[in-house]
There are 2 protein chains.
Amino acid sequence: MGETSIERGRSARARLLTAARELIGELGWNAVSTRTLAERAGVRSGLVHYHFDSLQALLRHAALDEVQRMLEGTSALLAGATSPSDDIERMLFDLDQYNGSDPASLLFVETYLAATRDHELRQGMSALVADFRRSLTEALTRSGHPRPQAAASMILAFFDGFVLHKGLDQGLSAEHIAPLLRRITNTEESRITNTEEDGE
Amino acid sequence: MGETSIERGRSARARLLTAARELIGELGWNAVSTRTLAERAGVRSGLVHYHFDSLQALLRHAALDEVQRMLEGTSALLAGATSPSDDIERMLFDLDQYNGSDPASLLFVETYLAATRDHELRQGMSALVADFRRSLTEALTRSGHPRPQAAASMILAFFDGFVLHKGLDQGLSAEHIAPLLRRITNTEESRITNTEEDGE
DNA sequence: GATCGCCTTGGACGTTTGACCAAATACTAT
DNA sequence: ATAGTATTTGGTCAAACGTCCAAGGCGATC
């Protein structure tokens with residue numbers, strides 16, 4: 001059967017997706033053009049519309065692939081662990097390797113933004129994030145957290161915000177944050193519900 | 001002295017900045033063009049380069065103005081309050097009015113991203129965010145928080161992530177999060193530092 | 001009413017963009 | 001070899017882009 005020709009095609013398609021993954025982070029979603037994309041992938045610009053319906057479809061596909069890869073890797077890490085609290089901290093320290101300006105972090109944020117203006121991308125991202133939140137909620141439930149759902153939402157939002165802020169504040173590090181993150185993942189309800197009436 | 005002519009100029013300049021503020025959120029930073037900008041402002045496109053050195057300079061100016069307005073308003077709210085914990089919760093509920101897809105929220109995130117690729121914008125944003133973090137840290141110090149700086153960083157990152165996530169997860173609401181946010185703003189160090197050895 | 005200065009216009013420029021396609025190429029199957 | 005299928009090329013197309021500028025408008029000043 002026809003294979004070598006098809007294999008070359010698959011390779012070119014894959015190189016286009018890789019180039020898109022890189023360039024979205026480097027230049028920004030809207031600044032990626034068919035021509036820069038083709039140059040990075042080592043092909044001619046005409047190929048883009050042979051393998052994909054449109055430039056947007058290519059970017060969508062590349063971004064969802066990468067986000068899925070990142071989230072599924074992390075959620076597998078959570079599923080196989082005994083103490084979710086520790087693993088969430090480990091996730092935080094993993095985040096430390098990104099400086100907030102690298103293509104990997106930026107691709108994530110770029111995709112969030114693009115999703116607010118692209119219905120199909122939004123649906124894909126919603127599904128992926130919902131899956132990950134479910135994993136995180138289950139891990140927190142397993143460890144007996146009193147509010148697993150709220151904690152999962154909060155941790156997710158915080159992690160993304162953390163990446164965002166590291167772009168501006170290079171001094172921001174996981175070390176300073178870890179003790180406070182522990183407050184969130186703590187399985188016991190805090191005794192002090194509020195310190196009201198604490199006038200100056 | 002010449003006033004009417006100058007006043008007209010000021011008005012046109014202001015309308016251009018307003019249009020930029022709106023369009024950055026609606027279309028995305030890189031999708032704002034001189035022509036759409038001029039149309040929204042009710043002027044001809046040539047005016048953009050009369051009042052500003054370049055399109056990027058206009059966008060930069062508009063974005064920094066708006067971010068400053070937002071942050072200074074919120075930090076004034078913190079400064080005049082007696083119980084920072086409550087005010088941080090109130091800030092959270094204020095955030096609830098944004099659905100995460102409105103121009104105001106998006107302008108914030110768009111500016112973050114643009115700042116990673118524009119040195120001048122990055123410096124401006126860094127300064128504004130640093131100022132706000134200082135206000136927040138002071139408020140937390142005043143209320144006797146044991147780790148005011150780390151808590152401020154965490155709350156800032158979380159708030160931005162919260163806005164980001166609301167674009168995808170419409171069910172995300174401040175109500176569910178508030179009890180856990182209280183764990184962060186609590187002035188007492190948590191007794192339970194960690195719940196290790198919690199194997200199944 | 002002529003002059004001056006600032007604001008505004010409308011169009012021009014060279015580039016880049018997404019999309020499209022006929023022709024060329026590479027490989028398989030007959 | 002031949003025909004057939006899939007991939008790749010190289011170029012064209014109209015549209016949109018940022019920037020620039022000569023000319024016109026318009027109120028204040030002389």
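None of these values were measured; they are calculated from a predicted model. Atoms considered below: every heavy atom in the structure, side chains included; atoms not considered: hydrogens, waters and symmetry mates. In what follows, every chain begins at residue 1, and chains take the letters A, B, ... in the order their sequences are listed.
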d([atom1], [X]; [atom2], [N]) in whole Å:
| X | N | atom1 | atom2 | value |
| --- | --- | --- | --- | --- |
| B/Asn30 | C/dG18 | CG | P | 12 Å |
| B/Arg10 | C/dC7 | CZ | P | 9 Å |
| A/Leu23 | C/dT17 | CG | P | 12 Å |
| A/Leu16 | D/dT9 | CG | P | 10 Å |
| B/Arg8 | D/dC26 | CZ | C1' | 6 Å |
| A/Glu7 | D/dT5 | CD | C1' | 16 Å |

(message) Suppose the criterion is ring pair (Phe, Tyr, Trp, His ring centres under 6.0 Å): which pairs have a residue in residues 109-144 of chain A, not counting sequence neighbours?
(response) A/Phe108-A/Tyr112, A/Tyr112-B/His165

(request) Sorted by first residue and then second, give each ring pair (Phe, Tyr, Trp, His ring centres under 6.0 Å) pair with at least one member in residues 4-59 of chain A; sequence neighbours left out. (result) none

(message) Please give me every residue in residues 38-54 of chain A whose heavy atoms get under 4.0 Å of an atom in DNA chain C, ordered by residue number.
(response) A/Gly46, A/His49, A/Ser54

(request) Indicate yes or no: does B/Arg69 engage B/Glu66 in a salt bridge with an N to O separation below 4.0 Å. (result) yes

(request) With sequence neighbours left out, write down each residue that passes side-chain contact (heavy atoms from CB on, under 4.5 Å) with A/Glu22, or none if nothing qualifies. (result) A/Thr18, A/Glu26, A/Arg40

(message) Between B/Ser126 and B/Arg122, is there a side-chain donor-acceptor contact under 3.5 Å, judged purely by atom types and distance?
(response) no

(request) Inspect the surroundings of CD in B/Gln56 and state if more than 12 heavy atoms from other residues, nucleotides or ligands are less than 6.0 Å away. (result) yes

(request) Provide the full list of salt bridge (charged side-chain N to carboxylate O under 4.0 Å, His left out) pairs with a residue in residues 149-165 of chain B, sequence neighbours left out, each pair given once. (result) none

Distances for protein N or O near nucleotides 14-16 of chain D N or O, under 3.5 Å:
none

(message) A/Arg133 vs B/Leu168, test: side-chain contact (heavy atoms from CB on, under 4.5 Å). Steps then yes/no.
(response) CA-CA 12 Å; A/Arg133 185 181 5 251; B/Leu168 285 179; over 6 Å; no

